[in-house]
Amino acid sequence: FVYFRSVTSSHRERRHLQRLQALPGSLRHPPALSYIVPNNAHNMHDGPMRAGDRFLARWVGRIMRSRAYQHGGTIFIVWDESHNDQSGCCLPHIRGGRIPFLVISRRSRGGHRLTRPMTTYSLLASLERGFRLPRLGLAALARPLAPRL
């Protein structure tokens, strides 16, 4: 969404985009949704895996200790691609592969594994359902992750 023209061309919309350093302050009175995109050194594209691990350890720990998480927050950690698996699945004309996807929530069962293939559109469909929004694009064809998140 940070690339949508409706966001990039609107001063009002761009105001809602914050640098990561603002996250700890926002966790005291959190917005309904925070979306964090690490830079390429921390998302394991251009940097070592160790840098990504350190990034997650630092921020996931802070988020889990926050009021936002303690009072019903959920953390989704999603990789955006798989270079070694081109199997694709789930939706027509979608290529890609199996990627790590973690859900951290005080309400979830520990160690639960999804047994049916999903896509990132499944996450989008789940978020749209949770916020009572209409389904966008291919999310309209995707199965949500669970009956209720």
Side-chain angles (χ1 to χ4, degrees), residues 1-85 88-108 114 117-149:
F1 60 84
V2 296
Y3 298 111
F4 292 169
R5 274 189 228 113
S6 61
V7 174
T8 60
S9 64
S10 167
H11 174 72
R12 181 174 171 262
E13 295 298 325
R14 286 192 319 269
R15 255 189 351 198
H16 297 288
L17 303 177
Q18 302 287 319
R19 298 189 62 77
L20 185 57
Q21 288 72 22
L23 181 63
S26 76
L27 292 173
R28 286 190 286 281
H29 301 286
L33 176 70
S34 294
Y35 186 82
I36 300 168
V37 179
N39 64 28
N40 278 348
H42 294 127
N43 70 11
M44 302 180 197
H45 276 285
D46 296 340
M49 225 183 265
R50 182 175 53 247
D53 289 345
R54 286 182 184 148
F55 178 86
L56 285 173
R58 176 178 182 208
W59 289 105
V60 170
R62 287 177 96 168
I63 293 167
M64 289 180 74
R65 289 186 299 273
S66 75
R67 180 180 185 280
Y69 178 79
Q70 297 292 321
H71 294 287
T74 301
I75 301 168
F76 298 100
I77 302 173
V78 184
W79 276 252
D80 63 341
E81 63 210 26
S82 172
H83 293 294
N84 298 324
D85 180 356
C89 78
C90 316
L91 291 171
H93 311 296
I94 299 299
R95 301 307 316 154
R98 292 171 180 87
I99 59 170
F101 173 69
L102 306 171
V103 179
I104 304 170
S105 170
R106 294 169 54 113
R107 297 175 296 195
S108 65
L114 295 173
M118 299 285 185
T119 71
T120 50
Y121 292 109
S122 301
L123 173 57
L124 179 57
S126 299
L127 292 171
E128 290 166 338
R129 183 176 55 195
F131 284 102
R132 294 186 171 97
L133 296 169
R135 300 261 190 104
L136 296 173
L138 290 174
L141 303 175
R143 295 172 75 180
L145 297 172
R148 196 170 66 90
L149 283 178

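In this structure, Ser122 contributes its side chain and Arg143 its backbone to a donor-acceptor pair below 3.5 Å. Checking side-chain atoms of Glu13 against main-chain N and O of Ser6 turns up no donor-acceptor pair under 3.5 Å. For the pair Arg107 (side chain) and Gly72 (backbone), a donor-acceptor distance under 3.5 Å is present.
To the nearest 0.5 Å, atom CG of residue Leu145 and atom CZ of residue Phe101 are 4.5 Å apart. Distance check, rounded to the nearest 0.5 Å: CD1 of Ile75 to CD1 of Ile104 gives 5.0 Å. The structure places CZ of Arg14 at 7.5 Å from OG1 of Thr8, a figure rounded to the nearest 0.5 Å. How far CG of Leu127 is from CG of Leu33: 6.5 Å, rounded to the nearest 0.5 Å. Thr74 OG1 to Ile63 CD1: the interatomic distance, rounded to the nearest 0.5 Å, is 11.5 Å. Interatomic distance, CG of Asp53 versus CZ of Arg58, reported as 15.0 Å (0.5 Å rounding).
Summarising the geometry of Met64 relative to Gln70, their closest heavy-atom pair is O-NE2, 2.6 Å, with the distance given to 0.1 Å. The heavy-atom pair separating His42 from Pro38 by the smallest distance is CB-CB, 3.8 Å. Among all heavy-atom pairs drawn from Ala41 and Ala51, the shortest one is O-CB, 3.5 Å. Here the shortest heavy-atom pairing between Ala125 and Ala142 reads CB-O, 4.2 Å. Pairing each heavy atom of Arg106 with each of Tyr69, the nearest pair is N-OH, 3.3 Å. What you find for Arg135 and Pro144 is that their closest heavy atoms are NH2-CG, 3.3 Å.
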Audit row: Ile36, Trp59, side-chain contact (heavy atoms from CB on, under 4.5 Å) steps and yes/no: CA-CA 10 Å; Ile36 300 168; Trp59 289 105; 5.6 Å; no
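The number of heavy-atom neighbours closer than 6.0 Å to NE2 of His16, taken from other residues, nucleotides and ligands shown, is above 12.
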